[in-house]
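Presented below is the structure to which this report refers.
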Amino acid sequence: GAVVSQHPSRVICKSGTSVKIECRSLDFQATTMFWYRQFPKQSLMLMATSNEGSKATYEQGVEKDKFLINHASLTLSTLTVTSAHPEDSSFYICSASGTGWEQFFGPGTRLTVL
Amino acid sequence: AQSVTQLDSQVPVFEEAPVELRCNYSSSVSVYLFWYVQYPNQGLQLLLKYLSGSTLVKGINGFEAEFNKSQTSFHLRKPSVHISDTAEYFCAVHNQGGKLIFGQGTELSVKP
């Protein structure tokens with residue numbers, strides 16, 4: 001149990017376009033979802049925390065207008081990178097937690113902005 | 001603020017040798033501690049976790065870790081590694097704000 005999926009697994013886009021990444025909890029209801037960013041050879045950096053039906057809470061230094069997070073249902077959260085630029089290229093990982101606090105991680109999405 | 005320090009960024013080791021990946025945390029309150037493994041271009045997989053009780057925690061793939069409160073450590077060990085254990089390993093602490101705080105990661109490289 002506690003499976004989290006992400007789609008797409010890889011995406012390449014042109015600079016200036018927007019990209020949407022989906023995170024789904026497949027076998028449980030995720031009241032809270034987390035979005036992380038990971039640069040090569042580095043650790044995970046928490047970007048934001050979202051609770052179903054509420055606005056996301058962003059970590060300091062993360063631009064909320066650039067990284068739009070929607071958590072409209074108990075099984076789906078989306079991260080939209082707006083007007084993407086090459087410096088936004090990274091590995092984005094989501095996690096989800098249900099009634100407990102333990103986080104279950106998705107497989108990640110590799111974003112490359114040309 | 002809580003923090004996690006993984007003392008070794010890279011650990012090269014020969015196949016079938018024992019390995020220890022070190023992790024220290026800073027916290028003045030009870031903590032939940034985790035070790036995750038990340039294979040290239042993949043998400044995180046939970047190896048083991050310490051919530052309470054026995055300080056020796058056994059996880060998947062033959063890994064174990066020992067919680068040492070006095071030394072604020074949670075080192076990961078395996079008595080005999082395989083080539084397939086080559087990966088990045090992250091230690092993490094769950095803070096009271098509901099967030100996971102990760103260490104910098106340790107790259108384990110197992111050589112034949």
Side-chain angles (χ1 to χ4, degrees), chain A residues 1-11 21-26 30-51 54 56-60 62 89-112, chain B residues 1-12 21-26 29-52 57 59-60 76 86-109:
Chain A
V3 179
V4 177
S5 69
Q6 281 184 243
H7 179 78
S9 57
R10 290 177 174 269
V11 58
I21 302 170
E22 293 185 348
C23 176
R24 293 182 185 272
S25 57
L26 300 184
T31 52
T32 305
M33 286 187 168
F34 304 82
W35 287 96
Y36 296 85
R37 184 174 182 177
Q38 185 181 30
F39 291 106
K41 301 291 186 183
Q42 293 189 29
S43 189
L44 280 72
M45 181 192 78
L46 180 64
M47 300 173 66
T49 304
S50 73
N51 292 297
S54 303
T57 301
Y58 290 80
E59 295 299 300
Q60 192 172 8
V62 178
S89 297
S90 190
F91 194 54
Y92 292 87
I93 303 175
C94 74
S95 70
S97 63
T99 54
W101 49 264
E102 186 170 345
Q103 294 182 32
F104 302 95
F105 287 82
T109 296
R110 172 76 59 195
L111 170 63
T112 302
Chain B
Q2 287 176 313
S3 65
V4 177
T5 302
Q6 291 181 241
L7 297 163
D8 307 295
S9 59
Q10 294 180 317
V11 173
L21 306 184
R22 297 180 293 169
C23 173
N24 286 88
Y25 65 93
S26 68
V29 297
S30 298
V31 293
Y32 298 154
L33 293 158
F34 303 82
W35 274 100
Y36 292 91
V37 60
Q38 184 180 34
Y39 299 101
N41 294 308
Q42 294 188 28
L44 300 185
Q45 182 180 6
L46 179 66
L47 277 177
L48 48 80
K49 59 187 175 186
Y50 172 79
L51 305 180
S52 65
V57 180
I60 62 170
L76 181 71
T86 295
E88 190 83 16
Y89 291 79
F90 291 98
C91 181
V93 61
H94 185 266
N95 75 1
Q96 292 188 315
K99 300 176 184 177
L100 276 174
I101 309 299
F102 287 91
Q104 302 90 326
T106 296
E107 182 182 354
L108 175 63
S109 176

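Bear in mind the structure is a predicted one, so any value in this text is a computation, not a measurement. In the text below, chain A, chain B and the rest are named by the order of the sequence lines, each starting its count at 1.
- Within the 4.5 angstrom heavy-atom criterion, no atom of A:Gln6 approaches chain B.
- How far CD of A:Gln103 is from CZ of B:Phe34: 8.0 Å, rounded to the nearest 0.5 Å.
- Nearest approach of B:Phe90 to A:Gln42, heavy atoms of both residues: CZ-O, 3.9 Å.
- With a threshold of 4.5 angstrom between heavy atoms, B:Glu107 approaches chain A through side-chain atoms but not through N, CA, C or O.
- Using a 4.5 Å cut-off between heavy atoms, B:Ile101 makes no contact with chain A at all.
- Per-residue heavy-atom pair counts under 4.5 Å with chain A were compared for B:Gln6, B:Gln104, B:His94, and the maximum is reached by B:His94.
- Interface summary for chain B: among A:Ser95, A:Pro107, A:Cys94, the most heavy-atom pairs under 4.5 angstrom belong to A:Pro107.
- Between the CG atom of B:Leu44 and the OH atom of A:Tyr36 there is a distance of 8.5 Å, given to the nearest 0.5 Å.
- In this structure, CD in B:Gln38 is found 9.5 Å from CZ in A:Phe105, a value given to the nearest 0.5 Å.
- Shortest non-hydrogen contact noted between B:Phe102 and A:Leu44 is CD1-CB, 4.1 Å.
- Put simply, the side chain of A:Ser43 never gets that close to the backbone of B:Gly105: no donor and acceptor are under 3.5 Å apart.
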